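Here the structure is a predicted model, which means the values were calculated and not measured. When a ligand or atom number is given, it counts from 1 through the structure's own listing order. Note that the numbering runs from 1 along the sequence shown for the chain.
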Amino acid sequence: MSTEAPEQGMGLPPATSALRHKDLLGIDQLSAGEIALVLETAVAMKEIGSRSIKKVPALRGKTVVNLFFEPSTRTRTSFEIAEKRLSADTLSIAIASSSVVKGETLIDTARNLEAMNPDMIVLRHASSGACHLLSRFCRSAIINAGDGMHEHPTQALLDAFTIVERRKRLAGLKVAIIGDLLHSRVLRSNILLLTKMGADVWVCGPPTLIPTDVTRFGVRATSRVDEAVRDADVVMLLRIQLERMEGAFFPSLREYFEVFGMTEARLALARPDVLIMHPGPMNRGVEIASEVADGPRSVILDQVANGVAVRMAVLYLLAGGVEHEEAA
Ligand code: CP
């Protein structure tokens, strides 16, 4: 398994030779070269997933704990598959049957897990900054699998991988991100990554769901969906996160779909080969019509498939990117 001969035509800046971080807490800590390294490494990881025996011994002897305090289908499953493909020993803590329900704190939970000497902890938590807190207390590498409304770095990395796979570059592409911007950790990580890599990023949603300071991150903001979609290379829809809303941010879901929902008619303004993306889970008929989600330009399931390769790359690189002698 070599990471030295990346696929030709990746259209990315020169990759660094290693990830020089103990943890992956957010995209904000990664340079453009480190992002390129993860994406290039994921190419090799994706090839492993296409073999009849989808396993290499790169993380043999390493123990990875998956600690998910919030529900997850895609992230948790793909981390588990990625860990197994790299031959790590993995365990996933079922929070509902752990001592968290008896009132044990995050720090105490992590300290007790650390006493058993794992190498990495993959954490999803409802509190923004939970991963940073754990990083201060833990010797293990901490990987952020989504913290509150803060960051979801591996989602942004797999989104970038999916775009590069189809368009061979990120720089200069118009990427329109439409939906619940205010509550989205996916938005924040994507903005940080895409602007760092030279994309032209537009964000769009109801005025009540646009963070007031979002343009300081180098993106253009609008509530006019036609403006965001016009000539877009990529349209990424974000879920309306009703579970994080305490008040009414728009009159009704039906009205939201009428004004912001992505339909084939609206997409006529985008480039003919526009990529349709959604991190999932989708609210069909709210932020996206089924005809778009399931249409020929949708790469939503590619995103899910690429999640495994990108998370393998992150695990491998954080472990030091050390090639095991017996690696295939
Ligand atoms: N995209 C994403 O984070 O999905 P899950 O919540 O299912 O992990």
Taking only Lys NZ, Arg NE, NH1 and NH2, and the carboxylate oxygens of Asp or Glu, determine whether Glu264 and Arg297 approach each other closer than 4.0 Å. yes
So, for Val308 and Ile81, which heavy atoms are closest and what is the spacing to 0.1 Å? CG1-CG2, 3.8 Å
Examine Arg311 relative to Phe79 and say whether NZ or CZ is less than 6.0 Å from the centre of the six-membered ring and inside a 45° cone about the ring axis. yes
Would you mind checking which non-hydrogen protein atom is closest to atom 6 (O) of ligand 1, with the distance to 0.1 Å? Arg124 NH1, 2.9 Å
If only atom types and distance count, is the side chain of Asp226 paired as donor or acceptor with the main-chain N or O of Val229 below 3.5 Å? no
Numbering the atoms of ligand 1 from 1, which are under 4.0 Å from a heavy atom of Thr73? 5 (P), 7 (O), 8 (O)
Expected output: side-chain Ser298 to main-chain Ala293 donor-acceptor under 3.5 Å: yes
Numbering as shown, the atoms of ligand 1 that approach Gly280 to under 4.0 Å (heavy-atom distance): 1 (N), 2 (C), 4 (O)
Of the non-hydrogen atoms in Phe257 and Thr263, which two are nearest, and what is the gap between them? CZ-CG2, 3.8 Å
Answer yes or no: is there a donor N or O on one side and an acceptor on the other, between the side chain of Asp200 and the main chain of Lys174, under 3.5 Å? no
Shortest protein heavy-atom distance from atom 2 (C) of ligand 1, along with the residue and atom involved: Thr75 OG1, 3.5 Å
Atom 1 (N) of ligand 1: closest protein heavy atom, distance to 0.1 Å, is Pro279 O, 2.8 Å
Note: ligand 1 atoms sitting under 4.0 Å from heavy atoms of Gln155 are 1 (N), 2 (C)
Closest non-hydrogen protein atom to atom 4 (O) of ligand 1, residue and atom name please, with distance? Arg74 NE, 3.0 Å
Should Glu70 be listed as contacting ligand 1, given a heavy-atom distance under 4.0 Å as the test? no
Which of these, Gln303, His152, Arg76, has its nearest heavy atom closest to atom 3 (O) of ligand 1? His152
If the contact criterion is a heavy-atom separation under 4.0 Å, does Gly146 count as touching ligand 1? no
